[in-house]
Amino acid sequence: MRQFLAAAIVALITTAAHAQVSDDVVRIGVLTDLSSWGRDNSGPGSVEAAKMAVEEFGPTVLGKPIEIISADHQMKTDVGVQVVRGWFDNGKVDAVVDIPNSGIAIAVHNMVRERNKIALLSGPGASSLTDELCSPNTVHFAYDTYALSKVTASAVIKEGGKSWFFVTADYAFGQQLEKDATRFINEMGGKVLGSVKHPTNTADFSSFALQAQSSKADVVAFANAGQDTDNSIKQSGEFGLVQGGQKLVGLLMFDTDVHAIGLNAAQGTYMTTASYWNMDEKTRAWSKKFHARANVMPTMIQTGVYGSVLHYLKAIQAAGTDDPKAAMAKMRELPIEDTFVHGGKLREDGRVIRDMYLAKVKKPSESKEPWDYLDIVKTVKGEDAYRPISESKCPLLKK
């Protein structure tokens, strides 16, 4: 009789736990770029990274299946919003992941808060997402414009790059990146001589390269992303900016950008990253599995998708429910541990505090194997890389 009662109690507890998963499935939507200029650094690789997180965690959480779906936002805000609205209204999606393009991410981030869902962002960079626009429903997992600007600008100015000229993508991310970088340049005694803005998906950067060259700035900084970064750095090299003594800085660059540009053109360029495939045995092993599926080594966006999905699933397991408020509370409580993040912490404003890495692109003669592109020059602790609480405009940090 006692055994029967014990079994019955266990069954009731198990049933109650299962009932805490809405719609009997945890469904995660990867909203990414499958067809435009951000495809290589997010895109299909982000979808594979999310699947790898599920495979590492296990096929179920609280006894219920985990499903990954994906869609292409085409780098258009209206398309991204329409997809997510459909996911929430008809697709029973619990969390939205990735979202390269800050303008789209901000729109979705606002919708997530209204619908009481969760946004796990690794693709967008705008630091405003965890500053004045902060939300209790958003996790900003990988990088942001504040950290990219602070780490990179500090290093380049110390090497003598005092005067700067910006080539900036004319949308939320590029504008925020230039703004944040300008602040750190001025604080460190540097000076911005000028800037020029370009539309996204630009093929011809010749006029912008000539303006940067004529500025005679020590540093030409590219506040753009994806193919825009590739084209602007390549063409600046063709116009002889480096031979003329100017330093080129990619304020947001990925391994895939270096791969596309080539070491001859990209060598010596400084960049800041949240992860690198060739850090240790574990990162190498994970990245080689990823490469077999995606045919590229992972960018920090893609490792961020993997890490954010894995942390979300751990939080659901620990909370005993996929209720957004409970899951977010557990994500803040649990330390973030995965192949690429150790001892990370989710702050109340949604900012993940994690180490960042200053890297320098290798010379062709220094590269020992395919995708061996970066020297990690310096590890910057998360507390030193990201916006401190004392500077934040987020009301969630004022409680």
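The chain is numbered in sequence order, starting from 1.
Between the side chains of Asp255 and Thr299, no donor-acceptor pair of N or O atoms lies under 3.5 Å. Inspection of the Ser22 and Asp322 side chains reveals an N or O donor paired with an N or O acceptor under 3.5 Å. Between the side chains of Asp180 and Thr145, at least one donor N or O sits under 3.5 Å from an acceptor N or O.
In terms of modelled atom types and a separation under 3.5 Å, the side chain of Lys325 and the main chain of Pro136 share no donor-acceptor contact. Gln176 contributes no side-chain N or O that, together with a main-chain N or O of Phe173, makes up a donor-acceptor pair within less than 3.5 Å. Between the side chain of Thr273 and the backbone N or O of Ser275 there is at least one donor-acceptor pair closer than 3.5 Å.
Residue pairs meeting the ring-ring contact (aromatic ring centres under 6.0 Å, His included) criterion with at least one partner in residues 318-340, sequence neighbours excluded, are Trp286-Phe340. Sorted by first then second residue, the ring-ring contact (aromatic ring centres under 6.0 Å, His included) pairs that include residues 55-92, not counting sequence neighbours, number zero.
When the side chains of ILVMFWY residues are joined at heavy-atom separations under 4.5 Å, either directly or via intervening members, Val192 and Val156 end up in a single hydrophobic cluster. Connection of Ile301 to Met52 is not established within any shared hydrophobic cluster, with ILVMFWY side chains joined at heavy-atom distances below 4.5 Å, either directly or through further cluster members. Linking Ile, Leu, Val, Met, Phe, Trp and Tyr whenever their side-chain heavy atoms come within less than 4.5 Å puts Val108 and Leu121 in one cluster.
Shown here is Gln82, whose CD atom has no more than 12 heavy atoms of other residues, nucleotides or ligands within 6.0 Å. Sparse packing is recorded around NZ of Lys179, with 12 or fewer heavy atoms of other residues, nucleotides or ligands lying under 6.0 Å away.
We find the CE-CG distance between Met331 and Leu313 to be 9.5 Å, quoted to the nearest 0.5 Å.
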Test salt bridge (charged side-chain N to carboxylate O under 4.0 Å, His left out) applied to Asp349 and Lys393, step by step: CA-CA 10 Å; Asp349 58 355; Lys393 300 173 187 173; over 6 Å; no
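Across all non-hydrogen atoms, the minimal contact from Ile104 to Asn101 is N-OD1, 3.1 Å.
The aromatic rings of His259 and Tyr373 are tilted relative to each other, their planes meeting at an angle between 30° and 60°.
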